[in-house]
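Given the structure is predicted, the values throughout are model-derived calculations rather than measurements.
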Amino acid sequence: DTAVSQTPKYLVTQMGNDKSIKCEQNLGHDTMYWYKQDSKKFLKIMFSYNNKELIINETVPNRFSPKSPDKAHLNLHINSLELGDSAVYFCASSQDRAGGINEQFFGPGTRLTVL
Amino acid sequence: GEDVEQSLFLSVREGDSSVINCTYTDSSSTYLYWYKQEPGAGLQLLTYIFSNMDMKQDQRLTVLLNKKDKHLSLRIADTQTGDSAIYFCAEVGNQGGKLIFGQGTELSVKP
């Protein structure tokens, strides 16, 4: 059973288009995240939701809009795609407990290429 | 600020030990983590250490933590070709459980 799944795995699109990436977790976790990994493999958090509520919003352009319809899903919509948005986007989830290790489980990634 | 630094590459021969080093800045992190990323895959938690520990051993893996110097290392004994991957050191940031990752160390194991 896939714990954290993302669709699509690959996304190739033209500059200026709008696209969405979907993420689902079946672990019963309360917290979900979106990370961006650039071409140098550097990984940085973009957003975090806890029980459908936005709790982290790093300095991400407002062309990126996360949406959490329920605590098992966190989708990422990107408007007006730019060349610099090309990256691998990872969804992750965790069951945050005070004092716990709060392991984050990652999806397989979505490789976005903007032409 | 929150910052985690690692060297980018490490190459070892099969059977040797590998040591991957990491420095971090946020001394309030309760846990420090090592995540592994195999080619074309997401990250997977490899091991972690609680901040009041100096060392943790888990089979072939040894984690050393020097809180004074804010230095974390991961030693892999008897490195195998299947250990070839990118290893990320991470600490928990001061907001909402976000992970602050190092740049990742690409470990290459040669037969």
Is it the case that more than 12 heavy atoms not belonging to [X] sit under 6.0 Å from its [atom1] atom?
| X | atom1 | result |
| --- | --- | --- |
| B:Q44 | CD | no |
| B:Q80 | CD | yes |
| A:M15 | CE | no |
| A:K71 | NZ | yes |
| A:F64 | CZ | yes |

If you round to the nearest 0.5 Å, how far is [atom2] of [Y] from [atom1] of [X]?
| X | Y | atom1 | atom2 | answer |
| --- | --- | --- | --- | --- |
| A:E103 | B:Y48 | CD | OH | 9.0 Å |
| B:Q37 | A:K41 | CD | NZ | 6.0 Å |
| B:L45 | A:S94 | CG | OG | 11.5 Å |

Region of [X] that comes under 4.5 Å of a non-hydrogen atom in chain A:
| X | value |
| --- | --- |
| B:L43 | both |
| B:F101 | both |
| B:E106 | neither |

**Report entry** Any side-chain heavy-atom pair of A:Q104 and B:Y33 under 4.5 Å
**Finding:** no
[X] and [Y]: same hydrophobic cluster, using ILVMFWY side-chain contacts below 4.5 Å?
| X | Y | answer |
| --- | --- | --- |
| B:F50 | B:L61 | yes |
| A:F106 | A:M32 | no |
| B:V4 | A:I45 | yes |
| A:W34 | A:L81 | yes |

Contacting region of [X] [heavy-atom separation from chain B under 4.5 Å]:
| X | answer |
| --- | --- |
| A:K9 | side chain |
| A:Q6 | neither |
| A:F105 | neither |

Query raised in the report: Pick from A:A92, A:G109, A:P108, A:C91: which one has the most heavy-atom pairs with chain B under 4.5 Å?
Result: A:P108
Report summary line: Interface check, chain B: of A:N50, A:V88, A:L43, most non-hydrogen pairs under 4.5 Å belong to A:L43
**Report entry** side-chain contact (heavy atoms from CB on, under 4.5 Å) between B:L99 and A:Y33, worked out
**Finding:** CA-CA 10 Å; B:L99 288 174; A:Y33 311 82; over 6 Å; no
